[in-house]
Amino acid sequence: MQKKLMALSVAAGMLGSVLTATEAFAADPAPTGVTITWKDATHAFVRVTWTDEGDLPNKVVVRAPSTMATLLPVFVPAGAANVVDYPATRLPMDADALQIEVSAGTAAGETGPAGVSPQFDTTAAVPVTKVSATISGSSAMRVRWKPIVSSTTDRTPSDPLDLDGTTLYTPRVVAGGKITDLAAASKATEISFTGPPPPYRFEVLTSNEWGSRSSEVVTAATSGLTAVIPAWVKSGSPLSEPAITGTFAGDSAQVILQARNTATSPWYVVASQMNYEGTYRLGLGAVGSRQYRVQVPNRVNEFSNVVHFGGFSQTQAMTVQNNAWSVRWEPAAVKRGQTAMAAMSHSPAAVYSVILQRWTGTTWSTVGPVKAASGSARGYVKGGALGRVAYRYYLPATTVKGLWYAAAYSPNFVLTTTP
C-alpha cells in the first residue's frame, strides 16, 4: 500500500511540474491594429500605435522583412500610451521595405508574438543632373537641373507613409571648403547667381521626408590660360616665324589674339582660331612692333559638367626687328675687276635704302646705300684686293603700315677675289 501511495505522490508531483512549466511559458497575446502614420504635417516623425490586451509593457522595433535583425528598439512601460514616434531621419534611408513590429515584452525579451504594421519604404529624393548651364562675365551662372530618372520599383506602392510632391531643392556653392546656400529649399529647378571667383562647385541638395543627398551639378573652372609672348623677335620669313604659344584648361577652346599699337590705343583682333588638346600656337608672320594679349572666351561643354570662365593673358610689348633672312654673293668668287651681286632677302618688304658694309680688318666701312624693294636688295661690287673679304648689310629702323621695325645687321657673307 505504501508503494502505491508513493507512486501516486510521484505522479502527482510530476503532474504539478508539468502544469507549472506550461504556465511559465504561456505567451502573451500579440498586439493588434499596429498602424503607422505621419505624426503631423511636418513629416518629421512616424507615429506607431497599437492595441493590446491588458496593461502590458511593449517592445517596438523596426525590421526589414527580408532579415531577422531588428533596429531601433523602443520599450514602452505598462500603463503608458500605446504610441511611439520615430524620427523619420533615424529610420534607414532608401530601404525598399520596412515594417514596425510590436510585441509584449521588456528589455529582457519578448513575452509573446509580434503584431506587424503594413510595410513601407523610406526612399529619399533622387539626385539631380544638369539640364543646362550658361555663364557670363567672370563668375555669373544660370543653371537648370532635373531629377535623375530612376529605375527603382516601388515594392510598397501606396503604403501609409507615401507622400507626393515633397521633394525640395537647395542650390548651393562649394568653394574653398565652405558651403554657401544660394536660396532656401524649394521646388524650383533653376537659379541664376553670381558665384565667387572660380574655381567652385555648384551643387543641389535634394531632400524629402526621408533624408537628403547632394549632387554636384556644375563645376566652374578658370580658363587656365597661359601665354608666352616674346619681348623681342625677328620679322617672319619663309625660314622662321615668330609665334605666341600657350596652354588653356580643358580639351578645346577658341583662342583670340589681340593687339594694340601703343599703350593708349584700342585693342583689335589679330587672329582667332579653335584649338584642341589644351595648347595653341599663333603665328605672327611679318608684323611689326606692338603690344599683345591673348583671350579665351567663356565656354560651356554641353557634354560635361565643367564650365570654364574665360580670361586674358598678361599684356606684353613685343619689339620686332628687321630680318635679313638670306644673304649671298652671286657669284661667291670673282676675278679682280669682275662684278659680283650682293643679294639679300629680307622681311618686312619695306621700300627704303639699306647700307652695304665691308670689313677692313679693323672696322666696318660703308660701301654704299642699296635700294630695297619687294623684300630684296641687290648691291654690286667689283673684285679688288685679292683674298677673302667679309660684307654685311645694315637695315635701318623703318615703319611699314604704321608698325615699327627695329634696325638689324645681316649675317656676314664673304666675297673671294682671285687673280
Side-chain angles (χ1 to χ4, degrees), residues 36-47 62 71-72 85-96 98 120-154 156 159-222 298-309:
I36 50 173
T37 60
W38 290 105
K39 178 183 177 181
D40 53 39
T42 65
H43 307 127
F45 293 89
V46 174
R47 171 156 287 183
V62 179
L71 304 170
L72 306 176
D85 292 328
Y86 276 108
T89 54
R90 288 204 63 198
L91 295 170
M93 189 172 72
D94 286 334
D96 57 6
L98 295 175
F120 63 97
D121 65 86
T122 59
T123 305
V126 299
V128 302
T129 186
K130 182 191 75 174
V131 173
S132 64
T134 57
I135 58 177
S136 60
S138 59
S139 63
M141 186 183 301
R142 180 176 182 83
V143 186
R144 296 176 58 222
W145 62 88
K146 66 179 180 180
I148 293 175
V149 177
S150 175
S151 59
T152 303
T153 300
D154 187 351
T156 62
D159 71 54
L161 302 180
D162 276 352
L163 298 170
D164 292 324
T166 59
T167 297
L168 299 177
Y169 305 107
T170 305
R172 57 191 190 176
V173 161
V174 182
K178 179 183 178 181
I179 299 175
T180 302
D181 289 347
L182 300 174
S186 72
K187 295 182 179 181
T189 57
E190 62 181 79
I191 190 173
S192 296
F193 65 95
T194 298
Y200 62 83
R201 298 196 313 273
F202 172 79
E203 298 182 350
V204 173
L205 184 69
T206 308
S207 58
N208 67 2
E209 60 275 12
W210 298 118
S212 59
R213 51 166 55 92
S214 185
S215 305
E216 182 178 312
V217 181
V218 178
T219 296
T222 62
N298 290 348
R299 64 192 191 278
V300 175
N301 187 336
E302 297 298 333
F303 302 103
S304 78
N305 292 335
V306 181
V307 299
H308 292 274
F309 284 93

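All residue numbers in this chain count up from 1 along the given sequence.
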Undergrad: What heavy-atom pair brings Met93 and Gly211 nearest, and what distance separates the two atoms?
TA: SD-CA, 3.7 Å

Undergrad: Please report the interatomic distance CH2(Trp145) to OG1(Thr129), rounded to the nearest 0.5 Å.
TA: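 With rounding to 0.5 Å, CH2 (Trp145) is 12.5 Å from OG1 (Thr129).
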
Undergrad: Just so I know, are the side chains of Thr134 and Val300 near enough to count as touching, which here means a heavy-atom distance under 4.5 Å?
TA: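 They are not in side-chain contact.
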
Undergrad: Taking all atoms of both residues into account, what is the closest heavy-atom pair of Pro198 and Phe309, and its distance?
TA: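 Here Pro198 and Phe309 meet closest at CG-CD1, 3.5 Å.
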
Undergrad: Output the distance between atom CG (Asn208) and atom OG1 (Thr166), rounded to the nearest 0.5 Å.
TA: 4.5 Å

Undergrad: Just wondering, do Trp210 and Leu91 contact through their side chains at under 4.5 Å, heavy atoms?
TA: yes

Undergrad: Could you go through Asn305 and Glu216, starting from their C-alpha distance and side-chain angles, then the distance that decides it, and tell me whether this counts as side-chain contact (heavy atoms from CB on, under 4.5 Å)?
TA: CA-CA 8 Å; Asn305 292 335; Glu216 182 178 312; 5.8 Å; no

Undergrad: Using modelled atom types and a 3.5 Å cut-off, is there a donor and acceptor pairing between side-chain atoms of Thr122 and backbone atoms of Ala95?
TA: yes

Undergrad: Minimum heavy-atom separation for Ala133 and Val307, please, with both atom names.
TA: CB-CG1, 4.3 Å

Undergrad: Determine the minimum heavy-atom distance between Ala183 and Thr170, stating which atoms define it.
TA: O-CG2, 3.6 Å

Undergrad: How far does NE2 of His308 sit from CG of Asn301, to the nearest 0.5 angstrom?
TA: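 Nearest 0.5 Å value for the NE2-CG distance: 7.5 Å.
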
Undergrad: Is there a donor-acceptor contact under 3.5 Å linking the side chains of Thr156 and Asp121?
TA: yes

Undergrad: Do the side chains of Asp162 and Asp154 get nearer than 4.5 Å, heavy atoms only?
TA: yes

Undergrad: Please round to the nearest 0.5 Å and tell me the distance separating atom OG1 of Thr206 and atom CG of Leu168.
TA: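 Rounded to the nearest 0.5 Å, the OG1-CG separation comes to 9.5 Å.
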
Undergrad: Are Arg213 and Asp94 packed together at the side-chain level, in the sense that at least one heavy-atom pair is separated by less than 4.5 angstrom?
TA: yes

Undergrad: Is there a donor-acceptor pair closer than 3.5 Å between any side-chain N or O of Lys130 and the backbone N or O of Ser304?
TA: yes

Undergrad: Minimum heavy-atom separation for Val306 to Ala221, with atom names?
TA: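 Between these two residues, the closest heavy atoms are CG1-CB, 4.3 Å.
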
Undergrad: Would you check if the side chain of Tyr169 reaches a backbone N or O of Val128 as a donor-acceptor pair within less than 3.5 Å?
TA: no

Undergrad: So, taking the atom named CZ in Phe202 and the one named CZ in Arg172, what distance separates them when rounded to the nearest 0.5 Å?
TA: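 One gets 10.5 Å once the value is rounded to the nearest 0.5 Å.
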
Undergrad: Please report the closest heavy-atom contact between Ala88 and Trp38, naming both atoms and the distance.
TA: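 Here Ala88 and Trp38 meet closest at CB-CZ3, 3.9 Å.
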
Undergrad: Can you check whether Thr167 reaches Pro147 side chain to side chain, under 4.5 Å on heavy atoms?
TA: no

Undergrad: Enter the distance from Leu98:CG to Leu72:CG here, rounded to the nearest 0.5 Å.
TA: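 Result: 9.5 Å between the selected atoms.
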
Undergrad: Is the shortest heavy-atom distance from the side chain of Pro92 to the side chain of Leu71 under 4.5 Å?
TA: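 When only atoms from C-beta onward are counted, Leu71 and Pro92 do touch, with a gap below 4.5 Å.
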
Undergrad: Output yes when a side-chain donor or acceptor of Ser139 lies under 3.5 Å from a complementary backbone atom of Gly195, and no otherwise.
TA: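 Answer holds: yes.
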
